[in-house]
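One structure is given here, and the rest of the page talks about it.
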Amino acid sequence: MTRRRWIAEHWDEATATLTGTQAEHMARVLRAQPGMEAHVVAGGHVFHAEVAAVTPQEVRFNLLSEIDAEPALPITLAVSIFKFDHMEWGIEKATELGVAAIAPLIARRTEKHLAQAAEKRVERWRRIALEAAKQSRRSDIPIIYEPVPLAQHVRSLSDATRIVLAEQERSTTLRSLVEEAVTLASNRMPKLELAFGPEGGWAPDEEALFDANGWRPASLGPRILRAETAAIAALAVVASYLE
Ligand code: SAH
């Protein structure tokens with residue numbers, strides 16, 4: 001059995017169960033049989049497991065032993081909703097890069113029709129994150145929150161170091177803020193939250209709101225990046241410090 005990770009929909013302390021397309025794939029395509037071994041993710045933990053029973057509707061595993069799992073990066077991306085195809089690409093890449101959570105935001109310059117359609121797209125975004133988590137053999141699936149207006153999120157309470165990626169920022173680099181957070185956290189991984197604006201960038205009053213709520217502006221360099229490029233570049237900078 002390839003060392004692909006199966007992410008269980010149901011589990012208890014001794015067994016885990018796949019249903020839906022994962023069960024059908026195992027039963028019909030991989031022709032899984034009782035006794036076959038696999039790596040199964042249940043409740044955020046990875047187990048060495050063996051197939052106990054197989055039907056195209058449900059595959060049940062006995063969990064044999066827990067495997068050390070690489071934790072996600074303690075990073076939340078607060079992403080202003082932008083063109084869905086680019087955004088979905090960004091969700092997939094951020095998942096591969098180990099992001100822990102993605103909070104879609106409705107910013108002032110988020111196109112109205114995207115803001116209205118966002119609620120109906122969240123399930124699709126969660127499926128993209130699930131597939132990317134499996135493909136990249138993560139032991140956990142990033143949380144995709146329900147979209148909220150930017151101000152609600154900016155004002156929400158958080159124990160993370162909150163950084164707003166600002167294309168106008170010239171003096172402070174993301175790197176310097178991450179170095180500071182890593183130093184402050186001594187031997188723990190610092191929890192970080194990174195906010196990205198829509199194609200139209202941040203509105204002046206949004207930048208003031210971030211500032212008033214303790215978010216630190218940071219630059220990713222002199223060039224203007226697409227939001228999804230900025231998200232991936234920022235994750236790479238942070239991961240280089242945390243992993
Ligand atoms: N409309 C803007 C670009 C917005 S890019 C303009 O043309 O000036 C979308 C988001 O990506 C920005 O709001 C910011 O969060 C991020 N971003 C892009 N380039 C960046 C950079 N060089 N430094 C920091 N953040 C950047």
Side-chain angles (χ1 to χ4, degrees), residues 73-118 121 125 128-129 142 144-145 147-156 158 160-182 190-242:
L73 296 174
I75 301 174
T76 296
L77 293 188
V79 179
S80 303
I81 291 166
F82 56 104
K83 281 193 179 45
F84 287 154
D85 51 350
H86 292 252
M87 184 156 172
E88 291 168 3
W89 181 86
I91 289 170
E92 181 181 70
K93 299 309 151 201
T95 300
E96 292 170 47
L97 285 164
V99 77
I102 295 174
L105 304 179
I106 299 167
R108 182 170 319 293
R109 294 177 185 163
T110 291
E111 290 174 36
K112 291 293 162 277
H113 72 283
L114 296 178
Q116 278 143 18
R121 298 290 289 226
W125 294 342
I128 290 170
I144 312 282
Y145 293 109
V148 295
L150 181 100
Q152 178 182 325
H153 188 82
V154 171
R155 293 195 179 103
S156 64
S158 166
T161 297
R162 302 178 108 177
I163 298 169
V164 51
L165 280 305
E167 63 275 22
Q168 311 304 344
E169 175 60 33
R170 281 291 167 271
S171 57
T172 306
T173 63
L174 174 62
R175 173 192 171 134
S176 63
L177 292 186
V178 175
E179 275 170 351
E180 189 183 302
V182 168
K191 281 177 76 173
L192 299 173
E193 193 169 332
L194 308 175
F196 300 87
E199 292 94 341
W202 299 118
D205 63 312
E206 291 173 326
E207 293 187 317
L209 188 69
F210 277 115
D211 185 46
N213 286 274
W215 292 66
R216 311 276 298 281
S219 168
L220 283 167
R223 288 171 298 285
I224 297 293
L225 312 174
R226 281 185 181 279
E228 64 272 28
T229 314
I232 304 316
L235 279 172
V237 167
V238 175
S240 68
Y241 277 92
L242 302 185

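Keep in mind that this is a model prediction, so the values were computed, not measured. As the structure lists them, so they are numbered: ligands from 1, and atoms in each ligand from 1.
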Protein heavy atom at shortest distance from atom 23 (N) of ligand 1 = L220 N, 2.8 Å

For G200, counting its heavy atoms only, list the atoms of ligand 1 lying under 4.0 Å from any of them.
-> 1 (N)

Just wondering, do M87 and I81 contact through their side chains at under 4.5 Å, heavy atoms?
-> yes

Given the rule in the side chain to side chain contact (heavy atoms under 4.5 Å, CB included) test, do L194 and T76 qualify, once you have shown the distances and angles that lead to the verdict?
-> CA-CA 6 Å; L194 308 175; T76 296; over 6 Å; no

Heavy-atom check, side chain of R162 versus side chain of V154, under 4.5 Å | no

Indicate yes or no for a side-chain donor-acceptor contact from T161 to the backbone of L192 under 3.5 Å, with no hydrogens or angles considered.
-> no

among protein heavy atoms, the one nearest atom 6 (C) of ligand 1 is I224 CG2, 3.9 Å

With a 4.5 Å heavy-atom cut-off, do S80 and W202 have their side chains touching?
-> yes

Can you list the ligand 1 atoms lying under 4.0 Å from a non-hydrogen atom of W202?
-> 13 (O), 15 (O)

Does some side-chain heavy atom of P104 sit less than 4.5 Å from a side-chain heavy atom of R121?
-> no

Closest protein heavy atom to atom 15 (O) of ligand 1, given as residue, atom name and distance to 0.1 Å = L165 O, 2.6 Å

Could you check atom 9 (C) of ligand 1 against the protein and tell me its nearest heavy-atom contact, residue, atom and distance included?
-> P198 O, 3.2 Å

Rounding to 0.5 Å, atoms CG (L177) and CD (E169) come to a distance of 8.5 Å

Is Q168 close to ligand 1, meaning an N/O of one under 3.5 Å from an N/O of the other?
-> no

Residue R223 vicinity, atoms of ligand 1 by number, heavy atom under 4.0 Å = 19 (N), 21 (C), 22 (N)

Of all the non-hydrogen atoms in the protein, which one sits nearest to atom 16 (C) of ligand 1, and at what distance?
-> A230 CB, 3.7 Å

With atoms numbered from 1 as shown, which atoms in ligand 1 lie under 4.0 angstrom from a non-hydrogen atom of E199?
-> 1 (N), 2 (C), 3 (C), 4 (C)

Quick look: S80 vs ligand 1, heavy-atom contacts under 4.0 Å, and the answer is neither

Could you tell me whether E228 and K93 have a side-chain N and a carboxylate O separated by less than 4.0 Å?
-> no

Non-hydrogen side-chain atoms of L77 and L235 separated by less than 4.5 Å = yes

closest protein heavy atom to atom 10 (C) of ligand 1 is G197 O, 3.4 Å

What do we get for E169 next to ligand 1 when only non-hydrogen atoms under 4.0 Å count, side chain, backbone, both or neither?
-> neither

A218 near ligand 1 by a heavy-atom separation under 4.0 Å = yes

Atom 13 (O) of ligand 1 [closest protein heavy-atom partner, distance rounded to 0.1 Å] = E167 OE1, 2.9 Å

Among all protein heavy atoms, pick the one closest to atom 19 (N) of ligand 1 and tell me residue, atom and distance.
-> L225 N, 2.9 Å

Are R216 and E180 within salt-bridge range, i.e. N to O under 4.0 Å?
-> yes

